[in-house]
Amino acid sequence: MRVQLPLINTVHGRSALTCRFRCGDACFHPAPNTSSNLYVGDVIATALSRRSMMRAAAVVTVAAAAGTAGTVVTAPSAEAAAQQARPEPTGKAARGLRFTPVAPNTADTVTIPAGYSQNVVVRWGEPILRGAPAFDPDRQTAAAQAGQFGYNNDFLALLPLPGERGRQILVANHEYTDEVLMFRGYDAADPTREQVEIAWAAHGLSAVVVEENKKNGALTVVPRHHLNRRVTATTAFRLTGPAAGSDLLRTSADPTGRKVLGTLNNCSGGTTPWGTTLHGEENFNQYFANAGRATDKRYGIGTGASERKWERFDKRFDVAQEPNEVHRFGYVVELDPYDPSSAPRKHTALGRFKHEGATVRLTPDGRPVVYSGDDERFDYFYKFVGGKRMKHGSSRAVREHNLSLLDEGTLYVARLTGDSPALEIDGTGKLPADGEFDGGGEWIPLVTATAKGAVSHVEGMTADEVCVFTRLAGDKVGATKMDRPEDIEPNPHSGKVYVALTNNTNRGVGTNAPADEANPRNANKHGHILELTERWNRADSTTFAWTLFLVAGDPEDPATYFAGFPKDAVSPISCPDNVAFDPHGNLWISTDGNQLGSHDGLFGVATKGERRGELKQFLTVPTGAETCGPLVQDRRVLVAVQHPGEISGATVEKPASTWPDGPGKIVRPAVVAVWRKDGDDIGV
């Protein structure tokens, strides 16, 4: 029996406080993409309408092998799909998912399965650098925060530390700051310089060595380790790639256009095969004020004051005074965690947009391919195919070569297609005339960079313009509008690529595609996940097939779909955000903005075999929090508990959560590790 839980003071699945500080109330402004490009919700609605005809068979089969360039892969008819209905699964859950699922709940804690334990690895404000003081929220300074773990941890990476047994390097993003939950008596209309500078220091990245407890799976920080590092909103970065040095990136403080201070709103990311970490700058627009150009509007940059009022303390955040500074944010950042003295890089070749993350796999000949989604309603997802091969080894020359791999190659944007006229896909869920639904697509080239220069593939735009105004380039080539493309991860076992699309509640508003009550996916408040199969399963292919792997929501809703698995045997899920893979090839999904009344959580789902589509909830996070990270190792799961207590009306004086340290203590974002009490592998 499923209990429907009440929503907790949310707007579109998030608290209004989240909307203010994380994304600058993006859902309350018109979607920046006003192009006439095809909206993928129309395509999906058609698929789901046909799927309702087949529900008795409990399966839909969409072609998974891409055809030749320019062709579209079609799905079987309803009759054929019914004949292919999967038999009822037998035996145990998929290896890696053999745990008792956590029930939906609203507990102000991290709830985990029976037989598992947990610990808080590191909290906001814990000192990690030499000389950093102990955390004291009532005596906090910018200098102290610059040596302490940052705020609102998001993406997590764990890298090996050769020669130090039992230790690893934990790298975390610090996406944004909740000033009302950080500072007692905070006045949003009149912040102080000290508060602003503390916020600058709380943004960015942290690299910190952690050590495993030999008696259990707990991880603890190794303070003052020589590899520990903080990167903040004022750290010096290198701009690299084809747009570096462009007139579009030059400012009064940096006439070279090659050096920028800081990184902002780092959401998800990825690790590279050459031992670095990638970090996506997402909602950077909200930090800038007084914009007015058409290019600024396309990126959602406001015409008035910013929420945090940073422009009062540094003119670079005032577009009217420094028009190019905003062009220096919205990139993929690369950090070398093994060299704390190195300058992080911003890679212009990967384009400028609201990068949710950046994940990597290699082509058969060793070139890197990076996938990234633009987290905005009706925007696109992309991939970059590198032009140089990765080298193996640890010499300085090899490392410098590999650090340049993301500066040369081709950036593509995705276009999803069908075999019916666009007019027949009208957003009502009505089947096209041929009674079929097709899922295929192609990667459209935008710009190619080489050591000799860069070439634009977009008519009317230079290479520099494509790299800096990538959204406009996607508009021009007819990329497919998506429902907030977030994390994109290739499965290291199968090579299939999974795209998390969190939601798009704006459908049916104004000129957007209309909602269909018979097919609630048109409103899409719960999100879905696409599974891409690139041609020949090659990362450098320019065509792909796609299937709806998971359509989120209450399993009792007839519009939901779990890869054909019986819906009475899965956990309810809403708003998929970050994804990861465990060692067995299962997909793990963290959520953001659950619309089913429960707190957000972490879920595992089988991607192959007779249990394909079986989805089980592994944990939930505290009141007001979002589940980020995640990392799933053989014997440990890590999640970043972001913005706990982020409920409308909450303040330091009136907290909505007491996690992680209990009543009387300030609420603090933190990283949590979970392991089996018996020391065995997760979910086996």
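All values below come from the heavy atoms of this structure, side chains included, with hydrogens, waters and symmetry mates left out.
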Donor + acceptor pair across side chains of Glu281, Thr263 (<3.5 Å): yes
Would you give the length of the straight line joining atom CZ of Phe618 to atom CG of Asp582, rounded to the nearest 0.5 angstrom? 10.5 Å
Starting from the C-alpha separation in whole Å, work towards a yes-or-no answer on side-chain hydrogen bond (donor to acceptor under 3.5 Å, both in side chains) for Lys496 and Thr533. CA-CA 5 Å; Lys496 295 180 184 293; Thr533 305; 2.9 Å; yes
Distance only, no hydrogens: is a donor on one side chain within 3.5 Å (strictly under) of an acceptor on the other, for Ser590 and Trp588? no
Check this for me: does any side-chain nitrogen of one of Arg668 and Asp661 sit under 4.0 Å from a carboxylate oxygen of the other? yes
Among Phe149, Phe135, Trp659, exactly one meets ring pair (Phe, Tyr, Trp, His ring centres under 6.0 Å) together with Trp124. Which residue is that? Phe135
Can a side-chain donor-acceptor contact be found between His355 and Ser372 if the only test is distance below 3.5 angstrom? yes
Which heavy atom in Arg635 sits nearest to a heavy atom in Asp680, and how many Å separate them? CG-O, 4.1 Å
Are any of the side-chain nitrogens in Glu531 or Arg612 under 4.0 Å away from the carboxylate oxygens of its partner? yes
Considering residues at least two apart in sequence or located in another chain, which fulfil the side chain to side chain contact (heavy atoms under 4.5 Å, CB included) criterion with Val652? Arg184, Ile666
At what distance, to the nearest 0.5 angstrom, does CD of Gln617 lie from OG1 of Thr111? 9.0 Å
Salt bridge (charged side-chain N to carboxylate O under 4.0 Å, His left out) between Asp336 and Arg345, worked out: CA-CA 9 Å; Asp336 183 354; Arg345 305 174 184 221; over 6 Å; no
For Gln140 and Gln145, test the side chains for any donor-to-acceptor distance below 3.5 angstrom and give the result as yes or no. yes
State, yes or no, whether a side-chain contact exists between Pro368 and Leu406 at a heavy-atom distance under 4.5 Å. yes
Closest non-hydrogen atoms of Lys616 and Leu97, given as atom of the first, atom of the second and distance, are NZ-O, 2.7 Å
Is a side-chain donor-acceptor pair under 3.5 Å present for Asn283 with Glu376? no
Distance only, no hydrogens: is a donor on one side chain within 3.5 Å (strictly under) of an acceptor on the other, for Asn152 and Asp178? yes
Could you grab the distance from atom CG of Leu602 to atom CG of Leu619, nearest 0.5 Å is fine? 5.0 Å
Please walk me through it: do Leu631 and Val637 pass side-chain contact (heavy atoms from CB on, under 4.5 Å)? CA-CA 6 Å; Leu631 274 174; Val637 172; over 6 Å; no
Distance-only side-chain donor-acceptor flag, Gln286 / Arg308, under 3.5 Å: yes
Between Glu212 and Arg636, does at least one N-O distance fall below 4.0 Å, as a salt bridge requires? yes
Quick one: is the NZ or CZ of Lys346 closer than 6.0 Å to the six-membered ring centre of Phe237, and within 45° of its axis? yes
For a quick test of reading the model, state the closest non-hydrogen atom pair linking Ala157 to Thr277 and the distance between them. CB-CG2, 3.9 Å
List the steps and the verdict of side-chain contact (heavy atoms from CB on, under 4.5 Å) for Asp375 and Phe381. CA-CA 9 Å; Asp375 185 8; Phe381 64 93; over 6 Å; no
What one should report as the nearest heavy-atom pair of Asn594 and His599 is ND2-O, 3.5 Å
If you draw a 6.0 Å radius around CZ in Arg224, do more than 12 non-hydrogen atoms from other residues or ligands fall strictly inside? no
Kindly indicate, with the supporting measurements, whether the criterion side-chain hydrogen bond (donor to acceptor under 3.5 Å, both in side chains) is fulfilled by His526 and Ser574. CA-CA 5 Å; His526 296 300; Ser574 178; 2.9 Å; yes
For residues His279 and Asn173, is any side-chain donor paired with an opposing acceptor at under 3.5 Å? yes
A side-chain contact here means heavy atoms from C-beta on lying under 4.5 Å apart; do Tyr151 and Met182 qualify? yes
Cation-pi check, Lys354 onto Phe284 ring (under 6.0 Å, within 45° of axis): no
Before accepting this row, confirm whether a basic side-chain N of the pair Arg361/Glu534 lies closer than 4.0 Å to the acidic partner's carboxylate O. yes
Just checking, is any N or O donor in the side chain of Asp600 or Thr627 under 3.5 Å from an acceptor N or O on the other one? no
Close side-chain approach of Val360 and Val369, heavy atoms under 4.5 Å: no
Under 4.5 Å between any side-chain heavy atoms of Ile529 and Leu501, yes or no? no
Is there a side-chain hydrogen bond (donor to acceptor under 3.5 Å, both in side chains) between Thr220 and Glu211? Walk through the geometry before answering. CA-CA 5 Å; Thr220 56; Glu211 187 168 35; 5.0 Å; no
By side chain to side chain contact (heavy atoms under 4.5 Å, CB included), Glu489 pairs with (sequence neighbours left out) Thr359, Asp487, Val579, Phe581
Rounded to the nearest 0.5 Å, how far does NE2 of His174 lie from CG of Asn153? 6.5 Å
Enter the distance from Gln633:CD to Leu158:CG here, rounded to the nearest 0.5 Å. 5.0 Å
State yes or no: are the ring centers of Tyr382 and Tyr371 separated by less than 6.0 Å? no
Between Tyr498 and Phe549, is the ring centre distance below 6.0 Å? yes
Apply side-chain contact (heavy atoms from CB on, under 4.5 Å) to the pair Met390 and Leu405, showing each step before the final yes or no. CA-CA 7 Å; Met390 186 188 88; Leu405 291 176; 3.9 Å; yes
With side chains defined as the heavy atoms from C-beta onward, is the minimum distance between Glu282 and Phe353 less than 4.5 Å? no
Atom of Val120, atom of Pro660 and distance for their closest heavy-atom approach: CG2-CB, 4.2 Å
So, His643 and Glu175: side-chain donor and acceptor under 3.5 Å apart, yes or no? no
Is there a side-chain contact between Ile682 and Asp634 (heavy atoms, below 4.5 Å)? no
Below 4.5 Å, heavy atoms only, C-beta onward: do Arg229 and Pro344 meet side chain to side chain? yes
Start with the C-alpha gap between Thr276 and Tyr338, add the side-chain angles, then the distance that decides, and say whether side-chain contact (heavy atoms from CB on, under 4.5 Å) holds. CA-CA 8 Å; Thr276 62; Tyr338 297 99; over 6 Å; no
Does Arg484 come within less than 4.0 Å of Asp374, counting only side-chain N to carboxylate O? no
Tightest non-hydrogen contact, residues Ala233 and Leu264, listed as CB-CD2, 3.9 Å
Side chains of Ser268 and Glu356: is there a donor and an acceptor less than 3.5 Å apart? no
Under 4.5 Å between any side-chain heavy atoms of Leu550 and Leu615, yes or no? yes
Give a yes-or-no answer on whether the side chains of Tyr287 and Asn265 include a donor-acceptor pair shorter than 3.5 Å. yes
To the closest 0.5 Å, what do you measure between CD1 (Ile589) and CG (Asp577)? 11.0 Å
